[in-house]
Amino acid sequence: METGQFPIDDLPGGLDLYRTLESGQTYLWHRDDGEMYSGTPSPESWYATVVDGDVIRVRTRNGILEWESTTDADPIVRRLVRLEDDLEAIVAAAPDDPLVADAYDAHRGMRLVEDPPFGCLISFICSAQMRVSRIQSMVSALAREYGDEIAFEGRTYHAFPTPAQLASATEAELRELGLGYRAPYVVRTAELVADGGAHPAEARDLEYEAAREYLTQFVGVGDKVADCVLLFSLGFDEAVPLDTWIKSAIEEYYPDCDRGSYAETSRAIRDRLGGEYAGYAQTYVFHHLRTGD
DNA sequence: GACCAGGTAGCAA
DNA sequence: TTGCTACATGGT
């Protein structure tokens, strides 16, 4: 086992793992001590994920971010929870807006995540018309049924399935796991990636709106899911997914940003939320409104 | 038993 | 292009 740590005090803006990993941005982590999204974790509890076959566990205790892994996870942890982000500067540069300010104040230390592209893509295909706790259980089921098992420190972890592993699933099997009408979307998208027809990571090299358009070629991916993948996996911090919560926020707080179409409303709200880091503001507002605190 | 959840595909006009 | 509507499922 390899281990390491980061002093959180050295991170501008800090780090709140609970808010970062249980705010509905990522479904590729789980808490070792029980179910996600059901009560707050104890300070002792670990969050675990599998990246490229390596188990990575993290927790924060006494002002220290600790990790344990099957490999040298230092650079991986930095990337997954975006430790390099100057969160303090991002908050300081946020638009002068009461809702955004309240959201940032209420959830100090929440960072964006950077999920692996394929897992992120499938997660958000599953997310359509679903509550976050159920998305988590659907993604966990996919890992349990189709992903590699990896033993680490007396526990068994499940990697998110590769495109080929997921493409081997049938629609009927995935319906059995409770994916409902998303089942064929997941299978067809996995097949497309497994066959080499396209890969979500290829969107990284494109300009923002072209990248969003690129991602919609995957089955089950519309503008909103595409924005989630751009924001939570591909480094497009300006992406603002227009989900039900943000739409109601637009209706209540930014009615002039409602331009009818997704593309035009997206431009208006991105501009309103500060442009470059609009997605950061969106993630805080989403979490703030959804949790009510 | 409605109503809702980080929406999208398919089709008509 | 834009505007419907069907689509699964579990929790409140």
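Proteins get letters first, then strands, A, B, ... in listed order; numbering begins at 1 in each. Because only heavy atoms are used, hydrogens play no part in the values below, and waters and symmetry mates are left out as well, while side chains stay in.
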Test log, rule side-chain hydrogen bond (donor to acceptor under 3.5 Å, both in side chains), inputs A:Asp237 and A:Tyr208 = CA-CA 10 Å; A:Asp237 296 347; A:Tyr208 165 65; over 6 Å; no
Check: C:dC7 base within 3.5 Å donor-acceptor of A:Arg182 side chain | no
May I have the distance from A:Leu179 (atom CG) to C:dC7 (atom P), rounded to whole angstrom?
-> 17 Å
Tell me yes or no: between the side chains of A:Asp115 and A:Thr26, is some donor less than 3.5 Å from an acceptor?
-> yes
For A:Gln129 and B:dG7, is the shortest distance between a side-chain N/O and OP1 or OP2 below 4.0 Å?
-> yes
What is the distance, rounded to the nearest whole Å, between atom OH of A:Tyr181 and atom P of B:dG10?
-> 13 Å
Hey, is the side chain of A:Arg134 poking within less than 4.0 Å of OP1 or OP2 on B:dA5, counting only N and O atoms?
-> no
What is the distance, rounded to the nearest whole Å, between atom CZ of A:Arg212 and atom P of B:dG7?
-> 16 Å
Between atom CZ in A:Phe286 and atom P in B:dA5, what is the gap in whole Å?
-> 10 Å
Taking for A:Phe218 and for A:Trp245 the nucleotide of DNA chain B with the nearest heavy atom, the one nearer the 5' end belongs to A:Trp245
Residues two or more places apart in sequence or in another chain: which of them pass side-chain contact (heavy atoms from CB on, under 4.5 Å) with A:Ala210?
-> A:Leu206, A:Glu207
Taken to the nearest whole Å, CD1/A:Ile125 to P/C:dT9 is 18 Å
Between C:dA8 atom C1' and A:Leu177 atom CG, what is the distance in whole Å?
-> 13 Å
Residues A:Lys247, A:Glu251: salt bridge by 4.0 Å N-O rule = no
Among C:dA8, B:dT8, B:dC4, the one nearest any side-chain atom of A:Arg131 is B:dC4
Any donor-acceptor N/O pair under 3.5 Å between B:dG7 base and A:Tyr185 side chain | no
Atom OH of A:Tyr27 and atom C1' of B:dA5 are separated, to the nearest Å, by 11 Å
Interatomic distance where CD1 belongs to A:Ile135 and P belongs to B:dG7 [whole Å] = 7 Å
Taking atom types as modelled, is there a side-chain donor on A:Tyr146 or A:Glu173 under 3.5 Å from an acceptor on the other?
-> yes
Hey, which of these two, A:Thr216 or A:Leu242, hits DNA chain B nearer its 5' end, going by closest nucleotide?
-> A:Leu242
Nearest-Å distance once atom P is located in both B:dA9 and C:dG10 = 23 Å
Quote, to the nearest angstrom, the P distance that separates C:dA6 from B:dA2.
-> 16 Å
Please work out if A:Gly220 contacts a base, only the sugar-phosphate, or nothing of the nucleic acid, heavy-atom cut-off 4.0 Å.
-> sugar-phosphate
